Amino acid sequence: AAELSAIGVAAGAAQAGLGHALVALRRQTGDKKFEPSVPVPSVAQSALGLGAFMGLSSNIRYQLIGGADRYLFDHSQMIWSYLAVSASLRAASQYVGNETRLIWQGLPTVVKPRLPASAQRRVRRVKRSSSSSAKSPTEAAPSSQQPSGGFQMSASAV
């Protein structure tokens, strides 16, 4: 567990250090008001969080999967049942582990997308006209003001 913790501390420090360096580089190259969509945690928080995660959570999950694999392999009569259960346990471990890692490192678990004003789409509202909905499509004569199909476009933007 100590080796995994040491690797986690080094990886967490490198991850946060690179994150801070890239944000600083982006701000130096001209975008002074740049804010990353995901806040970069401090180097200490990331290093300690990932070290603890690797030493505790990852090691425990690794040992549990190893024990389950050994038990299933020794007691399974068909290889496909062993492989199916083992793969399911590994997938569940990965799912739980990723969420746990984000929490331990101080990263958000849900990221809300932020679009700049220039990238937001303007959408026009479509209103269904009540006059043509009572008529059948063959009876409704298309006019220059009202398109066929019973829809009317408005010019207001949302």
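Please read all numbers here as calculations on a predicted model, not as lab measurements.
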Is it true that Glu35 and Arg27 make a salt bridge, defined as a side-chain N closer than 4.0 Å to a carboxylate O? yes
By side chain to side chain contact (heavy atoms under 4.5 Å, CB included), which residues pair with Val96, not counting sequence neighbours?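 Residues passing side chain to side chain contact (heavy atoms under 4.5 Å, CB included) with Val96: Thr100.
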Partner set under side chain to side chain contact (heavy atoms under 4.5 Å, CB included) for Leu48, not counting sequence neighbours: none
With rounding to the nearest 0.5 Å, note down the distance linking [atom1] in [X] to [atom2] in [Y].
| X | Y | atom1 | atom2 | result |
| --- | --- | --- | --- | --- |
| His20 | Leu22 | NE2 | CG | 11.0 Å |
| Leu25 | Asp31 | CG | CG | 11.5 Å |
| Asp69 | Ile65 | CG | CD1 | 7.5 Å |
| Ser58 | Arg101 | OG | CZ | 9.5 Å |
| Leu64 | Arg61 | CG | CZ | 9.5 Å |
| Ser86 | Ile79 | OG | CD1 | 9.5 Å |

Within residues 72-89 or reaching into it, pairs that qualify as salt bridge (Lys or Arg N to Asp or Glu O under 4.0 Å) - sequence neighbours excluded: none
List, by chain and number, the other hydrophobic cluster members for Phe34, where Ile, Leu, Val, Met, Phe, Trp and Tyr join if side-chain heavy atoms come within less than 4.5 Å, directly or indirectly.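 Reading the cluster by chain and number, Phe34 sits alongside Val23, Val40.
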List, by chain and then residue number, the residues other than Trp80 in its hydrophobic cluster (Ile/Leu/Val/Met/Phe/Trp/Tyr, side-chain heavy atoms under 4.5 Å); write none if there are no others. Met78
Over all heavy atoms of both residues, which pair between [X] and [Y] is shortest? Give the atoms and the distance, please.
| X | Y | value |
| --- | --- | --- |
| Phe73 | Tyr82 | N-CD1, 3.7 Å |
| Ala68 | Leu89 | CB-CD1, 3.6 Å |
| Leu4 | Asn59 | CD1-CB, 4.0 Å |

Any side-chain heavy-atom pair from Ile103 and Phe53 closer than 4.5 angstrom?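 No, every pair of side-chain atoms sits at 4.5 Å or beyond.
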Are side-chain heavy atoms of Gln15 and Ser46 found at a separation under 4.5 Å?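 In short, these two side chains touch, coming nearer than 4.5 Å.
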Identify whether Trp104 and Leu50 are in the same connected component of the hydrophobic contact network (ILVMFWY, side-chain heavy atoms under 4.5 Å). yes
What residues, two or more places apart in sequence or in another chain, satisfy side-chain hydrogen bond (donor to acceptor under 3.5 Å, both in side chains) together with Ser76?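 side-chain hydrogen bond (donor to acceptor under 3.5 Å, both in side chains) check on Ser76 returns Ser81.
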Side-chain H-bond candidate by donor/acceptor type, Gln94 with Arg90, under 3.5 Å: no
